[in-house]
Undergrad: 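Here it is: the structure, laid out below.
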2 protein chains.
Amino acid sequence: MRLLVVEDEHKIAAALKKGLEQENYAVDLAYDGEEGYDFASTEDYAVIILDLMLPKMDGVTVCKKLREDNIHTPILMLTAKGELDDKVSGLNSGADDYLTKPFAFAELLARVKALTRRPKHTTQTKLKVADLTLNTNNYEVKRNAKVIQLSKKEFALLEYLMRHPNTILSKDQIIAHIWDYEADVLPNTVEVYIGYLRRKLPNLIHTIRGFGYKIGEAK
Amino acid sequence: MRLLVVEDEHKIAAALKKGLEQENYAVDLAYDGEEGYDFASTEDYAVIILDLMLPKMDGVTVCKKLREDNIHTPILMLTAKGELDDKVSGLNSGADDYLTKPFAFAELLARVKALTRRPKHTTQTKLKVADLTLNTNNYEVKRNAKVIQLSKKEFALLEYLMRHPNTILSKDQIIAHIWDYEADVLPNTVEVYIGYLRRKLPNLIHTIRGFGYKIGEAK
DNA sequence: TCAATATCTCAGCCAATCCTCAGCAAAGTG
DNA sequence: CACTTTGCTGAGGATTGGCTGAGATATTGA
């Protein structure tokens with residue numbers, strides 16, 4: 001599935017491209033409004049991720065022009081913090097959803113998935129690994145019918161692990177996925193959260209020294 | 001595929017050129033920022049490998065100027081250790097990825113491949129030799145469906161051997177590829193690691209006395 | 001507002017891993 | 001065979017990676 005990211009901050013653009021490609025999307029980048037508009041009106045995208053503040057042509061204008069051209073590709077608008085009015089104008093201009101910076105990548109991914117409208121059975125909302133289930137609709141984690149209480153971060157980490165079974169996820173990947181791009185947390189923080197999860201869910205998360213972590217049945 | 005390396009330390013520049021050429025890239029070298037900028041804006045490269053600290057014009061400036069000229073060639077920025085802020089400024093200036101010195105050549109190669117975005121099926125992630133498979137996605141090594149545990153260095157060495165089947169790799173080549181250029185390890189270290197691998201994976205790695213090692217079926 | 005909870009860092013510990021060394025084995029040479 | 005060169009391997013010290021308890025700071029909720 002092909003996505004367009006229109007974002008002038010290269011750091012963010014590069015991070016999104018990398019993350020989305022890991023999730024098997026094909027990603028095109030545009031660095032200003034005009035370029036974004038050109039791409040969007042030439043190519044056929046599943047979703048357009050569009051920053052609000054852009055050089056040459058701002059997001060709202062891009063959005064409006066596309067809608068005038070009868071291009072109804074779903075648009076996810078990125079707005080800087082505190083620009084609440086912009087949210088409104090973003091939605092009025094024809095955007096389908098918005099996200100406030102700084103956001104965690106996992107957050108963006110969830111919205112993109114919602115917009116691609118993969119019917120429910122494709123976007124897994126009930127994840128299962130061994131005797132553990134995680135429901136992303138009601139944020140409930142159960143092990144053998146017993147509910148486990150998790151904090152927000154613990155839940156996000158567990159969800160990420162469970163969405164990538166049989167995959168080793170490095171601490172850096174985990175940080176890039178769970179924390180927002182301004183956060184700058186230490187790898188040790190991941191170790192600590194893995195520790196928390198293991199206390200509540202023993203024998204499920206495995207360390208692969210030098211590489212990262214992996215979830216799965218006891219070996 | 002043509003690459004540009006902009007690096008003032010001749011030792012590193014030469015090592016990169018040599019290694020990349022062995023991987024069938026054509027490599028141009030530039031030794032300062034101005035020269036690098038000239039090359040980059042004249043020729044057409046698949047990726048630009050750009051040191052941050054450079055005489056005449058630093059990497060960030062080169063990067064910014066190129067982007068202003070609307071040259072969006074993927075840039076891999078090399079930053080010295082401990083210059084964490086530089087990472088940020090590197091990405092903000094328009095670089096697509098960065099690598100902290102000192103790095104192992106294998107590391108750089110992986111990033112270059114990621115940036116040229118040879119789609120997944122072109123960059124082999126599942127290597128196979130005889131009854132042995134190595135998966136670079138989940139770092140899993142299997143022999144006849146049986147998982148073999150390897151340390152990081154062991155894995156890197158095995159991957160290098162498997163990526164060059166029917167090729168004799170000398171100890172020096174192995175050192176240049178797996179260890180970073182500051183490491184300066186003895187050839188004997190390679191012998192030791194070959195020994196470790198042989199213990200875990202008997203009858204696969206062959207010594208060609210005087211030349212090096214080669215992986216393959218028992219002869 | 002105050003207490004409970006959550007987030008994140010830090011320092012110290014332990015164990016796996018890395019790498020060197022020295023002695024031995026095997027191969028090559030006259 | 002004697003001698004040299006090259007490779008192999010067990011032992012062990014140094015280094016690194018990962019885990020955890022303690023605590024400082026931020027956030028939430030009564």
Side-chain angles (χ1 to χ4, degrees), chain A residues 81 102 104 106 139 141 148-158 160-161 168-215 219, chain B residues 81 84 100 102-104 106-107 139 141 148-158 160-161 168-215 219:
Chain A
K81 199 175 174 179
Y139 300 97
V141 176
I148 313 284
Q149 287 298 338
L150 297 184
S151 83
K152 218 171 177 177
K153 274 270 144 52
E154 289 164 358
F155 184 90
L157 173 53
L158 183 61
Y160 186 37
L161 291 170
I168 297 176
L169 299 168
S170 72
K171 288 171 208 169
D172 284 345
Q173 275 179 304
I174 291 171
I175 289 170
H177 194 275
I178 307 283
W179 276 267
D180 72 71
Y181 45 82
E182 286 184 345
D184 195 34
V185 294
L186 305 172
N188 171 253
T189 306
V190 177
E191 293 164 18
V192 172
Y193 276 91
I194 291 284
Y196 293 159
L197 280 181
R198 289 215 254 239
R199 228 170 281 179
K200 296 180 177 181
L201 303 163
N203 292 64
L204 268 172
I205 302 171
H206 310 292
T207 304
I208 294 88
R209 182 172 246 258
F211 296 99
Y213 299 95
K214 193 174 103 171
I215 200 161
K219 281 181 295 196
Chain B
K81 199 176 174 179
L84 287 204
T100 317
F103 49 84
E107 191 60 38
Y139 305 100
V141 176
I148 313 285
Q149 290 295 341
L150 297 184
S151 83
K152 214 174 178 179
K153 272 271 145 53
E154 288 164 358
F155 184 91
L157 173 53
L158 182 62
Y160 186 38
L161 292 171
I168 298 176
L169 299 168
S170 72
K171 288 170 207 168
D172 284 346
Q173 274 179 305
I174 291 171
I175 289 170
H177 194 274
I178 307 283
W179 275 266
D180 70 71
Y181 46 82
E182 284 184 347
D184 195 33
V185 295
L186 305 172
N188 171 250
T189 306
V190 177
E191 293 165 15
V192 171
Y193 277 92
I194 291 285
Y196 293 158
L197 280 182
R198 290 215 255 239
R199 226 171 283 178
K200 296 180 178 182
L201 303 163
N203 293 62
L204 268 172
I205 302 171
H206 311 292
T207 304
I208 293 89
R209 179 168 249 260
F211 295 96
Y213 299 95
K214 193 176 103 171
I215 199 162
K219 281 182 294 194

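A, B, ... follow the sequence lines: proteins, then strands. Residue 1 opens every chain. From a predicted model like this one, the values you see are computed outputs, not experimental measurements.
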Undergrad: Nearest to the side chain of B:V185 - C:dT20, C:dC8, C:dT7?
TA: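 Closest of the options to the side chain of B:V185: C:dT20.
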
Undergrad: Which comes earlier along DNA chain D counting from the 5' end, the contact point of A:Y213 or that of B:G212, where each point is its nearest nucleotide?
TA: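 The residue closer to the strand's 5' end, by nearest nucleotide, is B:G212.
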
Undergrad: Using a cut-off of strictly less than 4.0 Å, decide whether B:T207 has a side-chain nitrogen or oxygen near OP1 or OP2 of D:dG7.
TA: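 For D:dG7, OP1/OP2 do not have a side-chain N/O of B:T207 under 4.0 Å.
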
Undergrad: With a 4.0 Å cutoff (strictly under), does any side-chain N or O of B:K153 reach OP1 or OP2 of C:dC19?
TA: yes

Undergrad: Would you say B:Y139 has more than 12 foreign heavy atoms packed within less than 6.0 Å of its OH?
TA: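 Atom OH in B:Y139 is not crowded, with 12 or fewer foreign heavy atoms closer than 6.0 Å.
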
Undergrad: With a cut-off of less than 4.0 Å, is there a side-chain N or O of A:W179 near OP1 or OP2 of C:dT7?
TA: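 So the side-chain polar atoms of A:W179 never come under 4.0 Å of the phosphate oxygens OP1 or OP2 of C:dT7.
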
Undergrad: Where the side chain of B:E191 is concerned, which of D:dC8, D:dG18, C:dC8 is the nearest nucleotide?
TA: D:dC8

Undergrad: How many whole angstroms separate atom CZ of B:F211 from atom C1' of D:dT5?
TA: 14 Å

Undergrad: Indicate whether OP1 or OP2 belonging to D:dG7 is found under 4.0 Å from a side-chain N or O atom of B:K171.
TA: yes

Undergrad: Please enumerate all protein N or O atoms sitting under 3.5 Å from an N or O of nucleotides 25-30 of chain C, with distances to 0.1 Å.
TA:
{"unit_1": "C:dA26", "atom_1": "N3", "unit_2": "B:R209", "atom_2": "NH2", "d": "3.4"}

Undergrad: For D:dT9, does either OP1 or OP2 sit under 4.0 Å from a side-chain N or O belonging to B:R198?
TA: no

Undergrad: For nucleotides 21-26 of chain D, print each protein N/O atom paired with a nucleotide N/O atom at under 3.5 Å, atom names and distance only.
TA:
{"unit_1": "D:dG21", "atom_1": "OP2", "unit_2": "A:R199", "atom_2": "NH2", "d": "3.3"}

Undergrad: Between atom CD1 in A:I175 and atom P in C:dC8, what is the gap in whole Å?
TA: 10 Å

Undergrad: From CD1 of B:I194 over to C1' of D:dG10, roughly how many Å is that when rounded to an integer?
TA: 18 Å

Undergrad: How many angstroms lie between CG in A:L157 and CG in A:L150, if you round to the nearest 0.5 Å?
TA: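 Result: 9.5 Å between the selected atoms.
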
Undergrad: If the cut-off is 4.0 Å, is A:S151 near the phosphate of C:dT7, judged by side-chain N/O to OP1 or OP2?
TA: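 Yes, such a contact exists.
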
Undergrad: Is a side-chain N or O of A:K200 found less than 3.5 angstrom from the main chain of A:Q149, in a donor-acceptor match?
TA: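 Pair found, side chain donor or acceptor close to backbone of A:Q149.
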
Undergrad: Going by side-chain contact (heavy atoms from CB on, under 4.5 Å), A:Y213 matches just one of A:T207, A:I168, A:L169. Which one?
TA: A:T207

Undergrad: Can you check the B:I208 CD1 to D:dT5 P distance for me, whole Å?
TA: 22 Å

